[in-house]
Amino acid sequence: MGDPYEIGTGEHRAFWADAAADEVETRVGDPGEPIVIKGGVSPSGVPHLGHFNEIMRGYFVAEALRERGYGVRQVFTTDDRDRLRKLPRKLADLEWNVVGLGEVDAGALGRNLGNPYTDIPDPFGCCDSYGAHFTELLRRSAAAIGVPIETVSNTEQYESGGFDEAIAHVLENRETAREVLGEFQNKVDEEYVPFFAQCSECGHLTETITDVDLDAETVGYVCADVTAGDETIEGCGHEGTATFREGKLPWRFEWPAQWVTLGVDFEPFGKDHAEGSWPSGETIAREVFGLEPPVPMVYEWFTLNGEALSSSAGNLITVAEVLELLEVEVLRYFFTKNPQKQRDFDVGSLDRLVDEFDRFEAIYFGDVEADDTETELAERAYPMVAPENAGRDDRPIRIPYTFAAVLGMTDDRDLRVRMARRSGHLPENAAESEIDAALERVGKARAWAVRTDNAFNYRLAETLPDVEFDPATAAALDELADFISAESPDEGTLQEEIYETARRNDVPVGDLFEAGYRLFLDEDEGPRLGPFLAAMEESFVVDRLRRDR
């Protein structure tokens, strides 16, 4: 088995998914049944962008294998029989309204610390359980970006008997399991049994197993205290018996058990697992289950605005939030980047990401020059990123993101169209359907400007503001209007002319800029005035500078 840090980085592959697919193909040969690609998450809180690393990494590898003629099953396990270890700071309803813990019944959650997620009531009252609620959010997010995943509930696997054979095998070989686990963690003594039983009295998952009956498929237990991080979850002291379906395997054994029961061939995972879970998982797979582990692939974490993404800490951005700011294909493109490199999802710099995507798309359609690696990457990845466009003869019309933010300063569609045409971003012969599609970016860029309160977060004053100017400033505005009417300048020329007009009329440059902002935005400040005015319809700009409308 290759180094999980190396898989997916193939030196001779422009697209990392092809390199990962090579490894899988070498491993499975002619499988005769669908290849299984798995990801997984513990539904402990709001699904965020980071959770989509496994979904999207798996999706691209799945698509690469499908192109080679393989059947592929992409599953995503929800570790919903895990215990609630601590209270998250933020939650979200099914409409993606993110709320603080104080806006739900936090007391009910607090009383369920130590219980499996699927035994905890949904704080919003809409799903069968806490675990089901956050699994449903994950499923909806995947659907929103067009990735068909098959979710597999661990709770359902346990309750249906799907894990029975794996549990029996681990418990029958518990001495070997102890020896193997002892290589990776210290608290493994001769009394250790690799199974957590669910207390029939309080619902907690207890680690204190007193007896194993393989024939009856039961364990005896004492509901003792459990340490969860820095907290202690108190047990109720009840002594009882639980079946194999009334508990769960510890996570170091549960992961390989999933490989066994689901027949997993490939699984991407974060670097935290690579340094802890994976070494124990592959050893347990081989030495306890007698199973060759799946092909692994490590990905680096994302950060959000420079800070770690975390549901429990409340630093997160959801897919729903991202799709308010970006087109689906731009978000999908984000995941085509090298998984071995840590990336920051900087909301303030989304214009750079969109510009990168626009170039990537233009390379695919042969509209810009690119080197061989860029060209190969675009040819391989673009059909997976934007499958609805891959069969087109010409590139979709794209309005640059920052210019779309300028257009977002007005709600007047006709003015938006005139401004886009004036700037050359919208062809004169564009069909209405193409115009509508191109203008969809405007709403997203506007949302970005508002969310980040950046230089584009202004609104065009669509009627002439009630303003008065001194004679020198009024003369400068009239002169600027004459220049625009005569020269139709580009943005750089117009920006420079504003300075020259101010000097010729002995008006402080700052005062002339402020006059322009007052006329067009009814504000004291705004974006760079030359590019802003150059983008708009010329007759509108000229009339407004002359205070006519």
Heavy-atom pair with the smallest gap, counting every atom of [X] and [Y]:
| X | Y | value |
| --- | --- | --- |
| Gly50 | Leu309 | N-CD1, 3.7 Å |
| Pro427 | Ile397 | CD-CD1, 3.8 Å |
| Asp128 | Ala132 | N-CB, 4.2 Å |
| Ser485 | Arg546 | CB-NH2, 4.5 Å |
| Ala515 | Phe469 | CB-CE2, 3.6 Å |
| Leu137 | Ala92 | CD1-O, 3.6 Å |

Between [X] and [Y], does at least one N-O distance fall below 4.0 Å, as a salt bridge requires?
| X | Y | answer |
| --- | --- | --- |
| Asp355 | Arg398 | no |
| Asp436 | Arg413 | yes |
| Arg422 | Glu537 | no |
| Glu329 | Arg332 | no |
| Arg140 | Glu136 | yes |
| Lys38 | Glu267 | yes |
| Arg418 | Asp414 | no |
| Arg380 | Glu67 | yes |
| Arg459 | Asp522 | no |

More than 12 heavy atoms of other residues, nucleotides or ligands under 6.0 Å from [atom1] of [X]: yes or no?
| X | atom1 | result |
| --- | --- | --- |
| Asp506 | CG | no |
| Arg504 | CZ | yes |
| Asp372 | CG | no |

Ile484 CD1 to Thr493 OG1 distance, which is reported to the nearest 0.5 Å: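 One gets 11.5 Å once the value is rounded to the nearest 0.5 Å.
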Any chance you could measure Leu512, atom CG, to Tyr517, atom OH, to the nearest 0.5 Å?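 One gets 10.0 Å once the value is rounded to the nearest 0.5 Å.
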Is there a side-chain hydrogen bond (donor to acceptor under 3.5 Å, both in side chains) between Ser488 and Glu538? Walk through the geometry before answering. CA-CA 7 Å; Ser488 298; Glu538 185 175 293; 2.6 Å; yes
Hey, could you give me each pair passing salt bridge (charged side-chain N to carboxylate O under 4.0 Å, His left out) that has a residue in residues 314-323? Not counting sequence neighbours.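 For residues 314-323: Glu321-Arg451.
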Would you please test Asp548 and Val542 for side-chain contact (heavy atoms from CB on, under 4.5 Å) and show each step? CA-CA 9 Å; Asp548 289 339; Val542 170; over 6 Å; no
Using a 3.5 Å distance criterion without hydrogens, assess whether the side chain of Asp346 forms a donor-acceptor pair with backbone atoms of Asn305.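 Not a single qualifying donor-acceptor pair exists.
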Check for a donor-acceptor pair, side chain of Glu54 on one end and backbone N or O of Gly40 on the other, with a separation under 3.5 Å.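 At least one qualifying donor-acceptor pair exists.
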Tell me, with the steps shown, if Met56 and Val147 meet side-chain contact (heavy atoms from CB on, under 4.5 Å). CA-CA 8 Å; Met56 293 306 301; Val147 176; 3.6 Å; yes
Can you pull the ring pair (Phe, Tyr, Trp, His ring centres under 6.0 Å) pairs that have at least one residue in residues 398-425, sequence neighbours excluded?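 Sorted result for residues 398-425: Tyr401-Trp448, Phe403-His425.
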Honestly, is Arg343 close enough over Trp301, meaning NZ or CZ under 6.0 Å from the six-membered ring centre and within 45° of the axis?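 So Arg343 doesn't make the cation-pi contact.
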Does Glu307 form a side-chain hydrogen bond (donor to acceptor under 3.5 Å, both in side chains) with Thr303? I'd like the steps, not just the answer. CA-CA 5 Å; Glu307 300 292 333; Thr303 54; over 6 Å; no
Considering the options Phe345, Phe60, Phe302, which one meets the ring pair (Phe, Tyr, Trp, His ring centres under 6.0 Å) requirement together with Phe335?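 Result for ring pair (Phe, Tyr, Trp, His ring centres under 6.0 Å) with Phe335: Phe302.
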